[in-house]
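What follows is a short report on a single structure.
Reckoned from all heavy atoms, side chains included, excluding hydrogens, waters and symmetry mates. Lettering of chains follows the sequences in order, A, B, ..., and the numbering in each one begins at 1.
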There are 2 protein chains.
Amino acid sequence: MYANEFDATMQLIRGKWKIRILYELNSDQHTRFNALQRNLNPITHKILSEQIQQMINDGLVNRHDFHEQPLHIEYNLTTKGESLIPVVDAICDWGLANIDQSELKQTLCE
Amino acid sequence: MYANEFDATMQLIRGKWKIRILYELNSDQHTRFNALQRNLNPITHKILSEQIQQMINDGLVNRHDFHEQPLHIEYNLTTKGESLIPVVDAICDWGLANIDQSELKQTLCE
DNA sequence: CTGTATCCTGATAGATACTG
DNA sequence: CAGTATCTATCAGGATACAG
């Protein structure tokens, strides 16, 4: 149960790393756990695991198990997850337009 | 210093009540502290004070002191604050389109 | 009417180690 | 390679009381 539609949306993207994950999966639809962790350095193993799990529960991410040994699992965005990209882009665009660049450690978009 | 442009924007709107405040000030550009607290019930006095203060520091809200006795202070959105409205609307729209209505206690937009 | 100070609690994130 | 369990640190939000 969410307070309102804004809160509901925010819950899904609030996590410190979720947008990064969203963008990673958007640019490569066959991403494995370790690849994510490498690209999102310095994210912790446990945190990445938690955030992905939440995104799966929220229906944003899909988990595909190849049932191979050694384990081979790929993550990709669901349609719902993809539909979130334009919204996130809008947030980024506003940030680029209104926040002084010197205040940013790095940029995601553009 | 923000991690990136997304984080920077999120910092400004992340607070539990900031969007509500944003919408309140957007619908009435001459809002006083007490009016805000009434409309945002059950927000705490202290929390409202903190959130407004942060929004002033972030350049989203303007504080106009009429120097009257008893105290008379009005808050309104700055241009920067107003420019945030479309972004917030986009987030709400996505929520309305993708979250089951039965999961929402109330709705802000529409 | 508007604002601040104290204290408390719950959620989030991170360090580290362990399992199949 | 992928995932879980513990323990700890930090912070946002809130109850309450006090102040100009």
Side-chain angles (χ1 to χ4, degrees), chain A residues 1-4 6-8 10-22 24-25 28 30-58 61-76 105, chain B residues 1-4 6-22 24-25 28 30-58 60-76 105:
Chain A
M1 200 66 176
Y2 306 104
N4 51 58
F6 180 87
D7 249 53
M10 291 297 275
Q11 294 283 347
L12 309 191
I13 61 179
R14 187 202 300 261
K16 182 173 176 183
W17 300 95
K18 288 193 179 166
I19 276 65
R20 302 284 304 279
I21 297 173
L22 217 55
E24 285 294 330
L25 295 184
D28 176 6
H30 303 285
T31 314
R32 301 178 64 165
F33 193 95
N34 269 4
L36 269 178
Q37 188 172 6
R38 260 195 311 278
N39 295 337
L40 297 183
N41 188 49
I43 192 175
T44 295
H45 195 97
K46 178 212 165 205
I47 299 295
L48 177 56
S49 177
E50 280 178 3
Q51 305 258 309
I52 288 185
Q53 202 52 53
Q54 288 172 18
M55 295 173 81
I56 292 173
N57 292 340
D58 291 334
V61 171
N62 199 46
R63 180 183 188 274
H64 184 218
D65 189 340
F66 285 81
H67 296 294
E68 290 177 2
Q69 216 39 263
L71 284 166
H72 180 185
I73 286 145
E74 289 184 2
Y75 297 95
N76 50 66
K105 284 188 193 145
Chain B
M1 199 66 176
Y2 307 105
N4 51 58
F6 180 86
D7 248 53
T9 309
M10 290 298 275
Q11 294 285 346
L12 309 191
I13 61 179
R14 188 202 300 262
K16 181 173 176 182
W17 301 94
K18 288 192 179 165
I19 275 64
R20 301 283 304 279
I21 297 173
L22 216 55
E24 285 294 329
L25 295 184
D28 176 6
H30 304 285
T31 314
R32 301 179 64 166
F33 193 94
N34 267 4
L36 269 178
Q37 188 172 5
R38 260 195 310 279
N39 295 337
L40 297 183
N41 187 51
I43 192 174
T44 297
H45 195 96
K46 178 212 165 205
I47 299 295
L48 177 56
S49 177
E50 280 178 3
Q51 305 258 310
I52 289 185
Q53 204 51 53
Q54 289 172 17
M55 294 173 82
I56 292 172
N57 293 341
D58 291 335
L60 302 180
V61 170
N62 199 47
R63 180 184 188 275
H64 184 219
D65 190 338
F66 284 81
H67 297 292
E68 289 177 2
Q69 214 41 260
L71 263 63
H72 180 186
I73 285 143
E74 290 185 0
Y75 297 96
N76 50 65
K105 283 188 194 148

Taking for His45(A) and for Arg14(A) the nucleotide of DNA chain D with the nearest heavy atom, the one nearer the 5' end belongs to His45(A)
Nearest whole angstrom, please: distance from the P of dT4(D) to the CD of Gln53(A).
6 Å
Provide, to the nearest angstrom, the distance between the CG atom belonging to Leu48(A) and the P atom belonging to dT16(C).
18 Å
Find the distance Asn41(A):CG to dA13(C):C1' and express it as a whole number of Å.
16 Å
Using whole Å, report how far CG of Leu12(B) lies from P of dA12(D).
13 Å
Taking atom P of dA11(C) as reference, at what distance in whole Å does atom NZ of Lys16(B) sit?
11 Å
Where each residue is assigned the nucleotide of DNA chain C containing its nearest heavy atom, which of Leu71(A) and Trp17(A) is assigned the position nearer the 5′ end?
Trp17(A)
For Gln37(A) versus Thr44(A), what's the shortest heavy-atom pair and its separation?
NE2-C, 4.0 Å
Rounded to whole angstroms, how far apart are CG on Leu36(A) and P on dA2(D)?
9 Å
How many whole angstroms separate atom CG of Asp65(B) from atom C1' of dT2(C)?
10 Å
Classify the ring geometry of Phe66(A) against His72(A): parallel below 30°, tilted from 30° to 60°, perpendicular beyond 60°.
parallel
NA contact type, Ile73(A), heavy-atom cut-off 4.0 Å: base, sugar-phosphate, or nothing?
sugar-phosphate
Does Ser49(A) make a side-chain N or O approach to OP1 or OP2 of dT4(D) shorter than 4.0 Å?
yes
Does a nitrogen or oxygen in the side chain of Gln51(A) sit under 4.0 Å from OP1 or OP2 of dA13(C)?
yes
What residue among His30(B), Arg32(B), Arg63(B) forms side chain to side chain donor-acceptor pair (under 3.5 Å) with Glu74(B)?
His30(B)
Base, sugar-phosphate, or nothing: which does Gln54(B) touch, judged by heavy atoms less than 4.0 Å apart?
nothing
Name the nucleic acid region contacted by Tyr75(A), choosing base, sugar-phosphate or nothing; use a 4.0 angstrom heavy-atom cut-off, strictly under.
sugar-phosphate
Name the closest nucleotide to the Ile47(A) side chain, picking from dG14(D), dA2(D), dG14(C).
dG14(C)
One thing to verify: whether Glu24(B) and Arg20(B) come together as a salt bridge, which I'm taking to mean a side-chain N less than 4.0 angstrom from a carboxylate O.
no
Please confirm whether the shortest side-chain N or O distance from Arg32(B) to OP1 or OP2 of dT2(C) is below 4.0 Å.
yes
Heavy-atom pair with the smallest gap, counting every atom of His45(A) and Phe33(A)
CE1-CE2, 3.6 Å
When the nearest nucleotide of DNA chain D is assigned to His72(A) and to Glu50(B) on a heavy-atom basis, which residue is associated with the more 5' position?
His72(A)
Round to a whole Å and report the spacing from CD1 of Ile19(B) to C1' of dA12(D).
15 Å
Closest listed nucleotide, where the reference is the side chain of Arg63(A) and the choices are dG3(C), dT16(C), dA2(D)
dA2(D)
Please classify the nucleic acid contact of Gln37(A) as base, sugar-phosphate, or nothing, using heavy-atom distances under 4.0 Å.
nothing
